[in-house]
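Okay, so here's the structure we're looking at.
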Number of protein chains: 2
Amino acid sequence: MDSIEALSAFSALSQSTRLDVFRLLVKVGSQGLPSGEIGERLGVRQNTMSANLTVLLNAGLVRNEREGRTIRYFADFETMRGLLGFLMEDCCGGRPDLCQPVIEEIACIL
Amino acid sequence: MDSIEALSAFSALSQSTRLDVFRLLVKVGSQGLPSGEIGERLGVRQNTMSANLTVLLNAGLVRNEREGRTIRYFADFETMRGLLGFLMEDCCGGRPDLCQPVIEEIACIL
DNA sequence: ATATTATATCAATTATTCATGATATATGGA
DNA sequence: TCCATATATCATGAATAATTGATATAATAT
């Protein structure tokens, strides 16, 4: 992850529909969702959703796979990992107590 | 953290100077940096830096403290925690292996 | 009080981004 | 082949955001 990619990712996440889409895809996890269903669930028109999915795709935050006529989208956890690592780089120098709560926040509690 | 706050934070991080500022403040940690020194280190004009710091401030990503004539800025790890938690909410439903690498990426290795 | 230093705000121009109607492409079915 | 469905692209007007010169405020020093 470099600065250009990170900017692209943050920019993608800084718009309401796209943030909703990404969080939805994070929740559904590895099974992903078809483009059309994402649009229906969020109440967004077809071409608007398509444009927003393209932005997320270019930012590397989502992947897609064609499946017959529909195209299924998935959150890309690898990019997420790179993005958070980039943002928190060297965060712990001398004060791991600052960083620790951040880690705990996203820790899986199952 | 709600959607409005998250959008404000991502929007703040989606600009080159501000991303640099935030990462710098993450690195220096609890001692923070005076506004002027941030500008010098990043080669950004005074009023541009001031405007960008205000954006980060309004997004809750940084805090500041007056210290005589200078104003010292700090990364706000609490907001960071809320932001990442919001983004990864329910990420682990059924597949913690997707989420685990993301956590490991920001884990403190000292 | 006046000057100096540090930072913030204002106004205006330029540049980006967004949603949308219209249209194009791609797949599957009849 | 022709039609229907699913998704993507294009062009454009409207809204937002970025940079900057000029100026204002706030704290310290003389």
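Naming convention: chains lettered A, B, ... in sequence-line order (proteins, then strands); numbering from 1 in each chain.
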[X]: salt bridge (Lys or Arg N to Asp or Glu O under 4.0 Å) partners, not counting sequence neighbours:
X: A/Arg66; answer: none
X: A/Arg63; answer: none
X: A/Glu65; answer: none
X: B/Glu5; answer: none

[X] [atom1] to [N] [atom2], straight-line distance once rounded to whole Å:
X: B/Phe10; N: C/dT17; atom1: CZ; atom2: P; result: 18 Å
X: B/Leu7; N: C/dT17; atom1: CG; atom2: P; result: 16 Å
X: B/Leu56; N: C/dA8; atom1: CG; atom2: P; result: 12 Å
X: A/Asn64; N: D/dA6; atom1: CG; atom2: C1'; result: 13 Å
X: A/Leu19; N: C/dT17; atom1: CG; atom2: P; result: 17 Å
X: A/Leu53; N: C/dA19; atom1: CG; atom2: P; result: 12 Å
X: A/Leu57; N: D/dT7; atom1: CG; atom2: P; result: 14 Å
X: A/Glu37; N: D/dT5; atom1: CD; atom2: C1'; result: 16 Å

On a heavy-atom basis, which atom in A/Leu19 and which in B/Ala6 lie closest, and how many Å separate them? CD2-CB, 4.0 Å
Between A/Tyr73 and D/dA8, does any side-chain N or O lie under 4.0 Å from OP1 or OP2? yes
Quick check for you: to the nearest 0.5 Å, what is the distance between A/Met1 atom CE and A/Arg81 atom CZ? 10.0 Å
B/S/- contact track for nucleotides 14-30 of chain D, protein heavy atom under 4.0 Å: ----SSBBB----BBS-
Pairs touching residues 29-54 of chain B that satisfy salt bridge (charged side-chain N to carboxylate O under 4.0 Å, His left out), sequence neighbours left out: B/Glu37-B/Arg41
Need one value for B/Thr70: base, sugar-phosphate or nothing, where a base atom within 4.0 Å counts as base even if backbone is also close, heavy atoms only. sugar-phosphate
Tell me what A/Ser35 touches on the nucleic acid: a base, only sugar-phosphate, or nothing, going by heavy atoms under 4.0 Å. sugar-phosphate
